[in-house]
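Quick notes on the structure that follows.
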Amino acid sequence: MDITFSTRTNWKLSLNPFTKAVEELKDEKGREILDLTVSNPTRAGFHYDKKVISDSLQDIEALDYDPHPKGMLSAREGVARYYAEQHAGLQFDPESIVLTTSTSEAYSYIFRLLCNPGDEVLIAKPSYPLFDFLADLQDVNLVPYTLIYDHGWQIDFPSLTEAVSSRARAIVLVHPNNPTGSHVNAKERELLNGVCRERNLALIVDEVFLDYPYDGKIRPTFAANQETLTFTLSGLSKISALPQMKAAWLITSGPARLQQGAMERLEIIADTYLSMSTPIQLALPSLLEYRKNIQPALMERVLHNLRALDSQLIAQKTCVRLEVQAGWYAVLRTPAIQSDEETAIEILRKQSVLVHPGHFFDFPNEGYLILSLITPPEQFKEGISRVLASLNG
């Protein structure tokens, strides 16, 4: 018997050299690896209030199944209250919110809404690598535009406008970007809206790290953008450091006619899946409130590790840290004497420290390493010391 799988799943399934090196070292007895790629906050040594979290899941109403395509109104109202608190009283209709189990699911809804097979979505590089798989599964083609670094990260608008073809349907932004930690500034927002109006494009804006600015000033959310059809995504995974709760959302804004048309179709898409569980929907307002407990600890950790990184970088001249404004990651610029993958493998084998090579995030050139700033402090400090010893050796 022989089964033919769909071409959309024709990914390279063999381990790449970096992953293979990680697996080999994990198998060595007595070999302790310092992991500077930690992305799961529940495994990063933070204290969670077990009672508050468990109590939020005890609502007796969870025994009743009363599905709503966009999600329970009480949960969507909780999301709206979160935005009002975080963004100076910003008000919008809970009916513009659709609940999803993850931002990945939200992307799939939006891609299905906007794109026919073979249509195009513009995506920044560098950026998070998940988009390639999401686009493949929705039969969407990703077209890159560039983020350039010149005393800070900025959108290369000539590369963006050049990338827009007749099949382009949307521009994806990550605000702040992962892993560069760069915000979309006011001028860029104005230019993006102009491009979208001229070319009939939607904006898809991922704001999962928006609550983590290093200067303490949360930037305006795109959920209030009325200039063009906009889909704003976020969720509990980063806001409340609760990735296991599988709760996220998308918010639709923009010109009234376009917003209404999008929501009518999104409601049918969401009704087809009905994927967020009732207990999580009932708990969502309480779990959003929990951000006030965990975010201060996360920001303290991130800023502490950033200072520790900078203090070690001062003593050497080989590497520099690129400017970062928000989020959980830092980017090191390193000598490009070999591929980033080879550099990361060398650091792993010689120093037992795990870092991400830049190509993992689609950096266009060699000479970049990505570090997680939510790594436990002592582990981070020792890991950086070993990384710099390897790079300066």
Does Arg301 make a cation-pi contact with Phe46 (under 6.0 Å, within 45 degrees of the axis)?
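Judged by the rule, Arg301 and Phe46 form a cation-pi pair.
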Between [X] and [Y], is there a side-chain N and carboxylate O pair less than 4.0 Å apart?
| X | Y | result |
| --- | --- | --- |
| Glu85 | Arg81 | no |
| Lys238 | Asp211 | no |
| Arg8 | Asp136 | no |
| Glu24 | Arg349 | yes |

Name of the residue among Leu201, Thr252, Leu203 meeting side-chain contact (heavy atoms from CB on, under 4.5 Å) with Leu229 |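 Running side-chain contact (heavy atoms from CB on, under 4.5 Å) over Leu201, Thr252, Leu203 with Leu229 returns exactly one hit, Thr252.
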To the closest 0.5 Å, what do you measure between [atom1] ([X]) and [atom2] ([Y])?
| X | Y | atom1 | atom2 | value |
| --- | --- | --- | --- | --- |
| Ser352 | Glu32 | OG | CD | 8.5 Å |
| His356 | Asp340 | NE2 | CG | 12.5 Å |
| His359 | Asn365 | NE2 | CG | 14.0 Å |
| Leu388 | Thr318 | CG | OG1 | 8.5 Å |
| Leu371 | Leu354 | CG | CG | 10.5 Å |
| Trp249 | Ile97 | CH2 | CD1 | 8.5 Å |

| said: Main chain of Leu313, side chain of Gln316: is a donor-acceptor contact present, judged purely on distance under 3.5 Å? | reply: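 A pair under 3.5 Å: yes.
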Checklist entry - So, the side chain of Ser56 versus the backbone of Ile53: is there a donor-acceptor pair under 3.5 Å, distance only? => result yes
Legend entry - Validation row: Gln260, Arg257 side chains within 4.5 angstrom (heavy atoms):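 A side-chain contact under 4.5 Å is absent here.
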Linked hydrophobic residues, Leu13 as query - side chain contacts closer than 4.5 Å:
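Traced through the cluster, Leu13 reaches Trp11, Phe133, Leu137.
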message: Tell me whether the rings of Tyr212 and Phe209 are parallel (<30°), tilted (30 to 60°) or perpendicular (>60°).
response: perpendicular
inquiry  = For Tyr48 and Tyr290, take the angle between the two ring planes, folded into 0 to 90°, and tell me which bin it lands in: parallel under 30, tilted 30 to 60, perpendicular over 60.
reply    = parallel
[Y] and [X] side chains, donor-acceptor separation under 3.5 Å:
| X | Y | value |
| --- | --- | --- |
| Glu105 | Thr101 | yes |
| Thr42 | Gln244 | no |
| Thr19 | Asn16 | yes |

* For Ser253 against Gln259, the heavy-atom pair lying closest together ->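 Closest approach of Ser253 to Gln259: CA-NE2, 3.9 Å.
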